Peer 1: 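This structure is in structure tokens; I'll ask about it shortly.
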Amino acid sequence: MKKIIRLKVNGKEITKEVDTNITLLEFIRDYLNLHGTKLGCGNGECGACTIIMDGKPIRSCIILALEADGSEILTIEGITKEDELHPIQEAFIEQGAVQCGYCTPGMIMATKALLDANLDPNHEDIEQALGGHICRCTGYKHIIDAVKLSKDLININKQ
Amino acid sequence: MILPEFNYFKPKNIEDAIDLLSRNDAKPLAGGTDIVVHMREGKSAASMIVDLKDINELKGIYEIDNKTWIGALSTMREISKSPILKSHKALVQGAKCMGCHEIRFRATIGGNVCNASPSGDVSVPLLLYDTQVVIQGQNGERSVELESFFKGYGKVDLGKGEVVKGFFLKKTPTRSCYQRSTRVKGMDLASVSLAMGIEEINNEKKVYLSLGAVMPKPIRMREIEDYLKGSEITDEKVNSAYILLKELISPREGSLRATPWYKKEMINYFLKKGLTNLLEEVTK
Amino acid sequence: MEYRYVGENIKRVDAIEKVNGNAVFVADIKLPGMLYAKVLRSTKGHAIIKDIDISEAESFAGVVKIITGKEFSSLFGACISDQTPLAVDKVRYVGEPVAVVIADTEFIARKALKKIKVEYEDQKVLLDPFEAARDSKNLIHPKSNTYHRIDSINPINDSNIFHHFKINKGDIEKAFKEADLVIEKDYYFPSIHHVQLEPHGAVAYYRTNGTMSMWSSTQAPYVVRNAISELLGIPQRKIRVKVSYVGGGFGGKSDVTIEPLAACLARAVPNRPIRLILTREEMVEGTVIGRGIYSKYRTAINRDGKILGEKIEIYVRGGGYGEYAVNIVNGAGISATGPYEIPNIKVDCYGVYTNTPPTGACRGYGHPEVHWACERQRDIIAQNLEMSPIEFRLKNILKPGKKNSIGQTMQKHNGRLDLCVEKVLNELNKSIRYDNETKDIVTSKGVAVFMKCPVMPTNAQSGAILKLNEDGGITLSVGAIEMGQGCNTVLAQIAAEALKITIDKVEVVPEVDTFTSPYEWQTVASHTTWAVGNAVLLAAEDMISKLMKAASGILNEAKENLYINNGRVLSKTNEKSFITFEEISQGYKDSSGQALNVPIIGVGNFVPKGLTYLDPKTGQGNIAADWTMGCQGVEIEVNSKTGDMSILNMVTAIDAGKIINPQLAEGQIFGAAIQAMGAVLHEELIFSKDGVIRNKSLTDYKTPGIEDIPKEHNTIFIETPEEGGPFGARGLGEHGTVGIAPAIASALYNGLKINLRTLPLNKEKVLTAIRERREMNDITGV
């Protein structure tokens with residue numbers, strides 16, 4: 001069965017006919033060909049598919065594409081202009097928070113949602129925002145460092 | 001596509017939702033954090049999904065006649081941030097630890113309760129508050145006590161075409177807390193959990209107690225509450241309360257999360273720790 | 001020696017692609033006309049296949065083809081030919097492929113899969129390697145005696161044992177006769193999963209011109225190529241295996257897993273690309289699992305605390321097929337005694353068929369398993385001697401000039417274990433004592449040491465190609481896979497250092513392609529920095545010599561009088577005489593227009609020298625290319641009422657030779673240690689008695705999250721240069737996993753006087769041990 005959805009993805013209005021039974025992640029990857037958002041488990045348990053929907057961090061593998069009808073979505077491809085790096089991306093590189101890179105887009109989107117809401121998160125806020133995001137490579141230490149540096153870089157940019 | 005085929009509707013009012021849900025094989029969708037997973041795993045199938053998220057009647061947290069109302073679509077996030085629920089500490093703690101950050105933006109109280117998981121992180125604390133479930137169906141509205149709403153493992157007292165509108169929390173113990181044991185510190189299901197409340201009226205202490213993952217459904221422990229009630233809660237009394245309690249629960253063998261022995265040990269620990277902490281708070 | 005790039009925190013060369021979502025993983029590959037495959041997996045642990053009925057599934061609209069084992073029934077395997085891509089007449093573990101549906105969409109393939117009916121006749125399910133080794137009535141491979149295998153494999157006929165590794169050194173009986181103290185204990189490391197975040201996948205494409213192309217998330221494209229060649233009779237030169245980024249490997253994507261099956265699918269449906277991407281649950285039962293080792297240690301000690309001899313029996317849960325575990329058996333065997341000098345040793349390490357998914361490489365390759373046992377055994381011995389466990393260890397430690405278990409003489413460049421121990425103790429003592437110790441909360445510290453070698457064949461080859469481009473920059477091509485460990489960055493650093501050019505002039509080819517990339521055994525065994533690094537050095541030498549030759553002709557200067565720096569070849573005698581790499585690259589022309597040089601390509605090929613097979617009876621020989629030592633320590637906090645444990649502080653000191661990139665190296669140790677911590681605290685695959693893995697989804701297979709990590713986590717590098725390593729470097733990717741479990745168990749003893757010998761040390765097990773000790777009136781569990 002098919003239905004039409006209208007939504008804004010990375011600033012662009014999109015209207016598409018979709019199968020009713022596809023997840024938002026499948027819509028992003030297979031209909032929009034935005035491959036930066038990853039499938040790690042399909043159960044909402046790993047965080048690799050995290051995107052921002054109407055300002056909130058969302059696990060796109062456990063919601064239906066139709067549930068996103070009328071919403072505004074941001075994926076890793078949309079957080080900055082093509083040629084630039086977002087301060088969060090810079091911080092992830094600087095701190096060595098990237099290894100295999102599979103969890104990275106989800107981690108960055110979760111960090112962005114956190115910092116959009118709170119530019120001065122404490123350690124507990126960071127743990128909460130990235131809790132349930134599995135990274136099997138880094139042991140998390142460099143990721144925490146990266147989130148802390150992100151906040152500093154964003155604050156510097158603002159000044 | 002990883003999900004089976006289904007038709008999808010998003011009604012704007014409860015009457016339309018009831019009408020749609022009365023049809024064969026239709027399932028309601030609230031936050032979707034469980035149903036999408038269940039469908040993917042083949043544990044649940046439906047030819048029609050009725051998305052309830054546009055129904056305003058199911059939203060909101062407010063007070064009516066000294067009772068607290070929580071709309072079924074209230075998310076974990078909304079519950080944990082609500083100023084109205086500040087005194088419902090156990091519920092807030094449950095909502096705060098359920099799933100993970102992203103899930104808490106989507107998962108709803110109605111969904112969590114209707115799933116009837118024996119370890120539901122809001123179901124267990126919700127039992128403390130003498131909660132009433134308000135249900136609407138084709139024959140109008142009815143209310144049922146949450147304790148009897150839970151029918152067994154994954155089963156609730158909800159008929160074809162009925163929708164849970166929300167929850168009336170009739171009592172609010174002055175102090176309450178929710179404790180759970182998990183395998184990892186972060187995102188996990190509760191291996192075993194305990195919600196507890198205490199209030200003191202005229203030097204008489206009244207204890208509220210409910211448990212998760214020790215029976216096929218979340219359970220309120222009224223016998224133990226009655227046993228503990230009184231002017232003083234001594235260590236001795238708590239010890240014998242636990243001995244009594246131990247006989248009333250029978251956690252299933254073969255759980256992936258904890259053995260019956262460990263669950264009972266943790267209940268004992270949570271019971272004592274909870275009482276100590278809450279009594280301290282009361283005297284303060 | 002002063003370096004420009006070696007020892008520097010150069011930012012990852014793949015970082016930008018990975019932070020902006022552009023990095024391509026196998027699931028991102030979509031090709032025109034692509035078909036989708038879904039695997040029907042066995043629901044039985046051990047059963048005869050009586051019948052497979054595909055008729056209903058075949059009639060589904062959109063189903064292109066259904067494949068069963070009968071179509072590809074020839075046995076394959078690099079060490080033991082004991083497997084087929086799909087089960088043929090028998091299934092040997094739950095999850096084994098039984099049939100595959102190839103369809104227009106994944107949705108149709110899934111739907112059709114449900115319509116395939118398989119009739120099984122149950123056989124006895126064997127899960128425990130110790131029991132399976134003794135059960136000669138229920139053979140998982142009744143025809144194993146007839147299997148083709150390489151010479152170094154030593155099976156026991158008419159049993160479930162597919163490989164028996166032995167060490168017989170000195171006189172073990174004499175050691176026990178002379179002993180003042182004998183300690184005998186058994187240990188168990190359960191099966192776990194790697195949980196690489198990227199699910200494994202492959203896209204295979206067979207063309208009727210006889211070529212097979214495959215994109216795969218593999219760590220081992222050349223092993224995959226050989227397996228496909230063996231299985232389908234396609235010559236290697238016509239098989240093209242391509243690997244882009246791999247989203248975590250940890251050994252679970254090494255050797256081969258799903259690739260032979262994917263190749264068969266493509267062979268069955270020519271001229272259409274076929275995509276096979278596993279689900280998270282299929283990753284657990286459909287690739288390989290890790291660990292699963294039961295061991296018995298019996299140690300003879302004299303009253304001074306010197307180890308006289310050790311007798312060890314190890315049983316490796318090999319799974320339904322032994323191919324992937326045979327070398328783990330060897331790795332566990334040669335490292336079983338740890339970094340200790342022991343004159344008399346008897347090791348019997350058995351690889352045993354069991355009705356579980358095959359056990360394969362898993363970060364550490366036998367070493368974490370035997371160190372769990374060996375280091376716990378050291379603690380328990382020290383307790384009995386009433387000696388400090390550190391003192392006992394240092395008394396027996398392998399030092400330069402001493403012989404290890406396989407008879408190799410330890411060298412100075414093998415590193416300073418004593419210094420590693422000292423650094424860890426200093427770091428642990430430095431840490432603030434966490435003062436939240438109450439009557440229920442106990443804090444304590446523990447330490448363990450380790451020694452690890454790369455477990456590899458004697459001919460593990462590595463190649464590197466450096467091409468000079470017209471911009472004077474270099475393209476570096478290797479066969480090693482970037483799976484997060486940062487090899488492309490480290491190899492770029494090595495190339496830039498050797499060629500004395502700026503690192504931005506080095507571009508590493510991000511995709512390995514067996515058509516064009518130089519050969520590489522596989523990206524495993526922590527050997528890339530060392531082996532491929534050596535190949536890059538050799539390629540740089542070759543390139544320099546070619547540049548010199550060209551410059552010599554152009555500048556009219558003898559080669560001996562030339563040197564390179566900053567992208568130029570310069571004259572030592574005349575500072576104004578030089579030529580840039582850029583000019584050389586374009587084919588330098590003299591004033592008459594004559595070209596003076598050919599294109600410059602540097603080629604480097606490396607194979608470890610002097611490695612030999614071990615003597616099959618004594619286990620003595622030169623098989624370990626190098627050894628790396630280290631020490632790991634933890635401070636833990638335990639709630640004695642709940643058994644709940646937190647790691648407060650974790651520290652690793654490792655002598656891995658010269659560190660090429662400290663930030664990346666630290667990242668490897670941190671990641672490995674936290675992975676190991678997961679296996680200590682809660683990770684374990686739980687099998688039903690029928691062989692079903694009950695926790696294959698991430699809902700119930702819990703890995704550590706950000707909330708679980710230690711408050712403090714440090715890594716200390718001791719940098720004793722490795723004689724045979726590039727700039728003195730050695731590998732360190734796996735090592736951080738090796739000592740964590742025994743260090744945590746040691747801390748548990750130090751704090752609570754409990755001696756646990758079976759992992760994981762979850763809350764329940766810790767609480768049980770605390771209760772038992774109390775009931776036994778504080779008698780330790782020794």
Side-chain angles (χ1 to χ4, degrees), chain A residues 1-5 18-27 29-31 39 41-71 106 109-111 113-114 117 121 124-134 140, chain B residues 1-10 12 26-54 73 75-78 80-81 95-108 111 182-189:
Chain A
M1 265 155 273
K2 290 187 189 292
K3 299 227 172 202
I4 288 173
I5 56 169
V18 300
D19 288 296
T20 51
N21 58 336
I22 64 159
T23 62
L24 180 58
L25 175 64
E26 288 172 314
F27 177 71
R29 287 182 56 84
D30 300 339
Y31 283 66
L39 172 73
C41 69
N43 267 10
E45 292 275 358
C46 80
C49 66
T50 300
I51 52 120
I52 296 177
M53 181 165 139
D54 297 329
K56 298 169 194 161
I58 293 296
R59 304 225 149 162
S60 64
C61 78
I62 51 167
I63 85 166
L64 303 176
L66 289 165
E67 292 183 79
D69 188 21
S71 69
M109 296 313 284
T111 305
L114 167 73
E124 206 176 292
D125 297 330
I126 295 172
E127 272 191 355
Q128 198 181 77
L130 300 186
H133 280 257
I134 296 176
Y140 303 104
Chain B
M1 277 154 288
I2 52 172
L3 301 175
E5 285 167 304
F6 49 77
N7 207 341
Y8 172 92
F9 293 98
K10 199 173 190 184
K12 299 266 184 238
K27 282 221 161 73
L29 171 82
T33 51
D34 282 312
I35 189 165
V36 175
V37 173
H38 290 166
M39 285 196 293
R40 181 181 96 86
E41 290 173 345
K43 287 180 194 161
S44 175
S47 60
M48 189 200 292
I49 291 291
V50 182
D51 191 339
L52 305 176
K53 278 192 287 290
D54 272 356
L73 282 177
T75 64
M76 298 299 131
R77 174 83 178 174
E78 287 160 358
S80 60
K81 294 277 174 193
K96 270 187 170 168
C97 68
M98 191 241 155
C100 67
H101 192 57
E102 287 90 347
I103 302 242
R104 293 191 281 268
F105 277 106
R106 301 288 294 181
T108 65
T182 49
R183 293 159 295 189
V184 288
K185 292 191 173 63
M187 185 181 187
D188 198 359
L189 300 166

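Everything quoted here is computed from the prediction, not taken from an experiment. Each chain gets a letter, A, B and so on, in the order its sequence line appears, and its residues count up from 1.
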Peer 1: Tell me, for C46(A) versus chain B, whether the close heavy atoms (under 4.5 Å) come from the side chain, the backbone, both or neither.
Peer 2: neither
Peer 1: Name the region of D51(B), side chain, backbone, both or neither, that has any atom closer than 4.5 Å to a heavy atom of chain A.
Peer 2: side chain
Peer 1: Non-hydrogen atoms of chain A under 4.5 Å away: do they reach the side chain of I35(B), the backbone, both or neither?
Peer 2: neither
Peer 1: What's the spacing between S47(B) OG and M1(A) CE if we round to 0.5 Å?
Peer 2: 7.5 Å
Peer 1: Any idea which of E67(A), K3(A), E45(A) has the most non-hydrogen atom pairs under 4.5 angstrom with chain B?
Peer 2: E67(A)
Peer 1: Rounded to the nearest 0.5 Å, what separation is found between the CD atom of E26(A) and the CD1 atom of I2(B)?
Peer 2: 4.5 Å
Peer 1: Given that the side chain runs from C-beta out, which part of E127(A) has a heavy atom under 4.5 Å from chain B: side chain, backbone, both or neither?
Peer 2: neither
Peer 1: Just by modelled atom types, is the L3(B) backbone N or O under 3.5 Å from a matching donor or acceptor in the N21(A) side chain?
Peer 2: yes
Peer 1: Enter the distance from I62(A):CD1 to R106(B):CZ here, rounded to the nearest 0.5 Å.
Peer 2: 8.5 Å
Peer 1: When rounded to the nearest 0.5 angstrom, what is the spacing between CD in E5(B) and CG in D19(A)?
Peer 2: 7.5 Å
Peer 1: Considering the options M109(A), M53(A), H133(A), which one meets the side-chain contact (heavy atoms from CB on, under 4.5 Å) requirement together with E102(B)?
Peer 2: H133(A)
Peer 1: Please check this pair: side chain of T20(A) against backbone of F6(B), looking for a donor-acceptor N/O pair closer than 3.5 Å.
Peer 2: yes
